[in-house]
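In what follows, chains are A, B, ... by sequence order, proteins preceding strands, each numbered from 1.
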There are 2 protein chains.
Amino acid sequence: MKTAPKSLKLLILSGIRRSLLDLGSATKVELSDKLGISFPTISKFLSQMEKDGEILSSGLDESSGGRRAKRYTYNPDYMLGLAIFLEKTETNYAIFNCAGEVKEQGTIQSVLTDSGMHLLTSSIEALLMANQAIRSLSIGVPGSVKNGRIFYMPGYEQFQDFDIKGYFENLFSIPVVVENDMNAAVLGYHHSKEIKNHQSLVYLYSGQNGPGAGFMINGDVVRGNTFFAGEVSFVPQYDDRNFREALENGTSHKEVLISRDNQVDAISRLVASITAIINPHTFIFCKDEVEGTLIEKIAAASSKYIPPEHLPVLAISDWKQDYLYGLQSLGLALMLDSPEKFIRK
Amino acid sequence: MKTAPKSLKLLILSGIRRSLLDLGSATKVELSDKLGISFPTISKFLSQMEKDGEILSSGLDESSGGRRAKRYTYNPDYMLGLAIFLEKTETNYAIFNCAGEVKEQGTIQSVLTDSGMHLLTSSIEALLMANQAIRSLSIGVPGSVKNGRIFYMPGYEQFQDFDIKGYFENLFSIPVVVENDMNAAVLGYHHSKEIKNHQSLVYLYSGQNGPGAGFMINGDVVRGNTFFAGEVSFVPQYDDRNFREALENGTSHKEVLISRDNQVDAISRLVASITAIINPHTFIFCKDEVEGTLIEKIAAASSKYIPPEHLPVLAISDWKQDYLYGLQSLGLALMLDSPEKFIRK
DNA sequence: TAAACTTATTAAAGGCCTTTAATAAGTTTA
DNA sequence: TAAACTTATTAAAGGCCTTTAATAAGTTTA
């Protein structure tokens with residue numbers, strides 16, 4: 001129930017930023033109407049932002065019968081974000097601007113090692129020095145995260161309980177967000193596809209440690225009481241097999257592509273279970289795991305279990321791309337709302 | 001992204017109300033600290049509220065080394081709420097105050113009939129006339145509700161698409177909330193047990209139309225894309241049976257109490273599925289459907305499917321009572337935040 | 001083409017909350 | 001028991017956003 005009336009100024013600022021980025025461009029009247037903030041206030045903020053180079057004037061509108069209005073756009077390069085993807089075999093990074101354009105991309109060796117933190121720190125430092133406009137840091141990790149702290153990352157126990165967010169915020173005076181890879185991907189899909197009204201999503205993938213899923217319900221990522229949400233391997237599906245066993249049944253080695261009929265039935269049962277429980281709007285598969293023709297088979301098989309009108313849209317998407325989008329949108333949110341303490345002169 | 005800076009006054013008012021009810025009583029300094037609102041502002045609001053009879057002075061605190069502070073309490077009878085439960089065979093109502101105490105309770109004949117709306121309207125009117133302090137109306141219905149409008153209520157098609165909220169708000173100039181019975185119950189459990197941190201809940205019940213469940217995830221009730229969320233009957237559980245079929249298997253007539261071993265396995269599989277998907281904190285059964293000893297059997301059976309440390313707390317609760325609590329807390333929220341337009345002089 | 005009319009922008013006045021200073025009302029200590 | 005000290009409350013001054021009035025800069029019409 002805690003509210004912070006102090007931050008009215010920041011609220012207005014982030015409202016203006018978001019609106020300009022959303023709309024592409026706007027006049028003072030348009031911003032005032034959209035945000036419900038008076039014209040003089042908008043005017044005051046815009047003139048300061050123009051002085052700072054945060055917004056640009058893009059000329060005058062055609063007259064609508066009276067004085068022509070000035071039109072403004074957001075300068076997408078005013079602030080940049082740095083996204084870092086920690087993976088087993090390598091570490092990728094991307095520097096992006098407020099319009100979501102990637103300005104620079106690269107790979108360094110994996111930091112998920114014993115002395116990895118030092119390498120990660122020095123790499124970030126170098127990137128920050130070379131790009132003074134960077135104002136946010138988003139880090140994706142293959143593990144559970146709670147308030148920026150690694151909660152559980154199987155295989156990398158040395159990171160257990162490490163407060164990545166706090167560490168880097170202190171070190172670099174820059175807002176930091178840390179998120180699980182799957183949650184970032186479902187978030188990225190949500191933003192990039194411009195899902196409206198907080199429609200619920202499920203993102204299914206086959207990880208090295210068996211299948212898992214990311215959930216977004218009512219606009220929030222679902223983590224679960226013990227961060228076990230999405231461990232759909234364990235869903236009991238047949239008399240004597242759970243989802244994971246049903247998927248693997250009969251195959252000794254792991255195939256990437258899903259194709260056999262018993263696998264189709266297992267997946268359609270999972271779709272049915274999830275539909276009967278949370279009734280999501282869209283169910284997303286990874287494009288390197290599921291082929292287009294398979295989608296129809298899964299849809300047909302699912303409707304044996306659930307009235308078809310309640311089944312979700314089955315979609316195929318690019319997991320890596322969605323992961324990047326997710327870290328971008330988390331970083332963007334930090335930049336647009338960044339509290340004063342982090343603003344560098 | 002829409003914010004309403006106009007309502008700062010209402011924000012302060014509802015903050016003060018909630019704090020006084022939460023804490024039982026408070027001084028001006030305590031309120032100012034808790035709400036982050038300056039002392040003079042708190043002081044201004046409190047003196048007006050005391051004039052109105054909305055708060056009461058409960059004397060002076062012991063001195064903590066200086067001038068003794070005045071202590072205030074909320075007058076719980078300043079506003080009352082009316083909760084109405086529409087059921088197949090009868091209609092129950094309860095009038096409650098801001099402390100959640102039921103002041104009056106009663107039953108009228110069912111209004112889920114062809115001419116039921118007139119009866120409901122005249123009954124509410126009579127109750128409002130007799131109790132001028134009523135400032136909110138909460139209506140529970142056995143069907144899907146979307147923004148106060150009946151979306152789907154099997155068996156009562158005459159109510160399809162009827163905007164109950166809009167109708168009564170117009171008619172009586174009083175804020176109205178309409179909610180599905182199961183959602184209200186899970187909400188009521190959430191509030192009455194003072195579940196913290198938005199821990200997720202599942203409420204399982206055996207309705208006349210087969211079993212169903214209510215979900216609360218991250219503090220929000222889950223409705224689903226086509227309002228199908230919670231229709232756990234359809235969860236595929238065995239080679240050739242879904243949850244409903246597994247529960248009924250072998251019984252021709254319906255028993256209220258759950259007891260047989262195959263039923264225990266079906267329920268534990270449902271607990272396992274839901275845990276692997278959303279990993280809730282608590283799983284609630286109805287006390288007239290499940291006996292205490294059965295809980296342990298279910299817990300033991302579930303841990304065959306899921307590592308026990310991730311299993312939810314299994315709880316037994318009184319559905320009717322939780323339903324009432326749910327409608328009460330919905331009504332209370334309306335009263336505490338009620339917009340000016342509804343305030344009667 | 002100048003008067004009438006629109007619409008955008010700037011300036012002035014007002015409202016409301018916060019910060020700071022002054023006062024009130026206690027308790028503790030020499 | 002009066003001076004010193006605490007804490008609550010009230011009063012005054014200041015900041016910030018909104019509302020309203022005035023001005024600027026166009027277009028349309030007679």
Check: Can you say whether the rings of B/Tyr74 and B/Tyr78 are parallel (under 30°), tilted (30 to 60°) or perpendicular (over 60°)?
Finding: perpendicular
Is a side-chain donor or acceptor of [X] paired with a backbone partner of [Y] at a separation under 3.5 angstrom?
X: B/Arg68; Y: B/Glu62; answer: no
X: B/Glu169; Y: B/Val176; answer: yes
X: B/Asn97; Y: B/Ala99; answer: yes

Listing time: all N or O pairs from protein to nucleotides 6-8 of chain D that are below 3.5 Å?
{"unit_1": "D/dT6", "atom_1": "O4'", "unit_2": "B/Gly65", "atom_2": "O", "d": "3.3"}
{"unit_1": "D/dT7", "atom_1": "O2", "unit_2": "B/Arg67", "atom_2": "N", "d": "3.2"}

Spacing between [X] atom [atom1] and [N] atom [atom2], to the nearest angstrom:
X: A/Asp61; N: D/dT27; atom1: CG; atom2: P; value: 13 Å
X: B/Arg71; N: D/dT9; atom1: CZ; atom2: P; value: 11 Å
X: A/Gln48; N: D/dC16; atom1: CD; atom2: P; value: 13 Å
X: B/Ile42; N: C/dT19; atom1: CD1; atom2: P; value: 13 Å
X: B/Leu35; N: C/dT18; atom1: CG; atom2: P; value: 11 Å
X: A/Leu11; N: D/dC17; atom1: CG; atom2: P; value: 11 Å
X: B/Ile12; N: C/dG15; atom1: CD1; atom2: C1'; value: 13 Å

Next item on the list: Starting at the 5' end of DNA chain D, write a dot or bracket for each base, bracketing those in Watson-Crick or G-U wobble pairs whose two distances are under 3.5 Å and using | for partners on another strand.
Entry: ||||||||||||||||||||||||||||||
Check: From A/Leu8 CG over to B/Leu8 CG, what is the distance, rounded to the nearest 0.5 angstrom?
Finding: 8.0 Å
Notebook entry, point to check: Say you draw a straight line from CZ of B/Phe215 to CG of B/Leu201; how long is it, rounded to the nearest 0.5 Å?
Noted result: 11.0 Å
By nearest atom, which of the nucleotides [options] is closest to the [X] side chain?
X: A/Ser43; options: D/dT19, C/dT10, C/dG26; result: C/dT10
X: B/Thr41; options: C/dC16, C/dT18, C/dT9; result: C/dT18
X: A/Lys44; options: D/dT9, D/dC17, C/dA11; result: D/dC17
X: A/Leu8; options: C/dT18, C/dA11, D/dC17; result: D/dC17

Notebook entry, point to check: Which pair of non-hydrogen atoms, one from A/Leu327 and one from A/Ile84, has the smallest distance, and what is that distance?
Noted result: CD1-O, 3.6 Å
Margin query: Show, in sequence, the C-alpha distance, side-chain angles and deciding distance for A/Lys165 and A/Glu179, and conclude whether the salt bridge (charged side-chain N to carboxylate O under 4.0 Å, His left out) test is met.
Written below: CA-CA 10 Å; A/Lys165 176 183 159 79; A/Glu179 184 55 283; over 6 Å; no
Item checked: Ring centers of B/Tyr189, B/Tyr325 separated by less than 6.0 Å -> no
Check: Heavy atoms under 4.0 Å, any strand shown: does B/Ser63 hit a base, just sugar-phosphate, or nothing?
Finding: sugar-phosphate
Next item on the list: Using only side-chain N and O atoms of B/Lys9, determine if any of them is under 4.0 Å from OP1 or OP2 of C/dC17.
Entry: no
